Amino acid sequence: AVAGETFRVRCPVAGYPIESITWAKEGRVLPNNRRQEVSATGVFSIRQVSQKEDRGAYTCTASDKQGNTATQTMHLDIVVPPAIRPFEFGTVIAGMRAR
């Protein structure tokens with residue numbers, strides 16, 4: 001994911017009927033802050049992804065009415081986009097060497 005952007009991932013489960021889909025980060029059930037959201041369809045999203053706060057292992061668990069579960073874990077890495085500083089060429093006259 002890119003720092004400062006919104007990250008979305010769908011829990012990769014299939015089957016019928018799926019009673020519930022939950023997400024957890026390192027054992028803590030999500031969402032646990034205002035930037036996180038888990039939809040009824042199992043899509044987990046984080047607004048304004050932060051390298052310090054959001055990096056780590058995430059686990060989704062799908063359950064049916066009989067109590068059967070399927071679990072999948074993924075690792076989320078956060079990258080910071082490059083920044084380009086403004087530059088200028090200064091005064092250049094034809095035939096001069098540029099520095």
Side-chain angles (χ1 to χ4, degrees):
V2 178
E5 301 289 326
T6 297
F7 171 77
R8 286 185 187 86
V9 64
R10 180 181 301 275
C11 187
V13 296
Y16 182 81
I18 294 174
E19 180 70 15
S20 68
I21 297 176
T22 59
W23 281 91
K25 179 185 180 197
E26 298 163 358
R28 294 182 61 193
V29 176
L30 302 174
N32 65 11
N33 64 47
R34 291 182 177 194
R35 296 181 305 109
Q36 300 173 348
E37 181 181 321
V38 177
S39 75
T41 59
V43 176
F44 173 61
S45 62
I46 308 172
R47 288 183 301 282
Q48 297 177 346
V49 173
S50 164
Q51 192 172 36
K52 181 180 176 184
E53 296 175 28
D54 300 318
R55 191 173 134 186
Y58 289 82
T59 302
C60 72
T61 303
S63 306
D64 65 13
K65 288 183 180 183
Q66 289 77 33
N68 300 310
T69 62
T71 301
Q72 184 72 34
T73 299
M74 60 160 274
H75 186 81
L76 180 63
D77 282 324
I78 313 296
V79 295
V80 177
I84 299 174
R85 293 182 293 176
F87 60 92
E88 59 183 62
F89 291 106
T91 305
V92 179
I93 300 172
M96 286 180 61
R97 287 188 170 197
R99 293 184 194 179

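All values derive from a computational prediction rather than experimental measurement. Any value given below was found using the heavy atoms of this structure, including those in side chains, with hydrogens, waters and symmetry copies removed.
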I need the single residue from R8, K25, Q36 that forms a side chain to side chain contact (heavy atoms under 4.5 Å, CB included) with F44. Which is it?
Q36
OG on S63 to CD on E19, rounded to 0.5 Å:
8.5 Å
State, with a plain yes or no, whether a side-chain heavy atom of Q51 is found less than 4.5 Å away from one of V80.
yes
Could you walk me through whether R47 and T6 pass the side-chain contact (heavy atoms from CB on, under 4.5 Å) check?
CA-CA 4 Å; R47 288 183 301 282; T6 297; 4.0 Å; yes
Heavy-atom closest contact (T41 atom, I21 atom, distance)
O-CD1, 3.8 Å
I'd like to know whether Y58 forms a side-chain contact (heavy atoms from CB on, under 4.5 Å) with V9, so could you lay out the CA-CA distance, the side-chain angles of the two residues, the decisive distance to 0.1 Å, and finally the verdict.
CA-CA 10 Å; Y58 289 82; V9 64; over 6 Å; no
Which heavy atom in L76 sits nearest to a heavy atom in A1, and how many Å separate them?
CD1-CB, 3.8 Å
Atom SG in C60, atom CZ in R10: separation rounded to 0.5 Å?
11.0 Å
If two hydrophobic side chains count as joined below 4.5 Å and joins carry through other members, does V29 share a cluster with I46?
no
With sequence neighbours excluded, what pairs up with F7 under the ring-ring contact (aromatic ring centres under 6.0 Å, His included) test?
none
If we ignore hydrogens and angles and just use 3.5 Å, is the side chain of W23 paired with the main-chain N or O of V43 as donor and acceptor?
no
Only counting residues at least two apart or in another chain, list the ones meeting salt bridge (charged side-chain N to carboxylate O under 4.0 Å, His left out) with R35.
E53, D54
Specify the closest pair of heavy atoms between T59 and T73, including all atoms of both residues, with the distance to one decimal.
OG1-OG1, 2.9 Å
State, to 0.1 Å, how close A62 and I18 come at their nearest heavy-atom pair, and which atoms those are.
CB-CG2, 4.3 Å
Please name the pair of heavy atoms, one in P12 and one in Q72, separated by the smallest distance, quoted to 0.1 Å.
CG-CG, 3.8 Å
List the atom of C11, the atom of T61, and the distance in Å for their closest heavy-atom pair.
SG-N, 4.5 Å
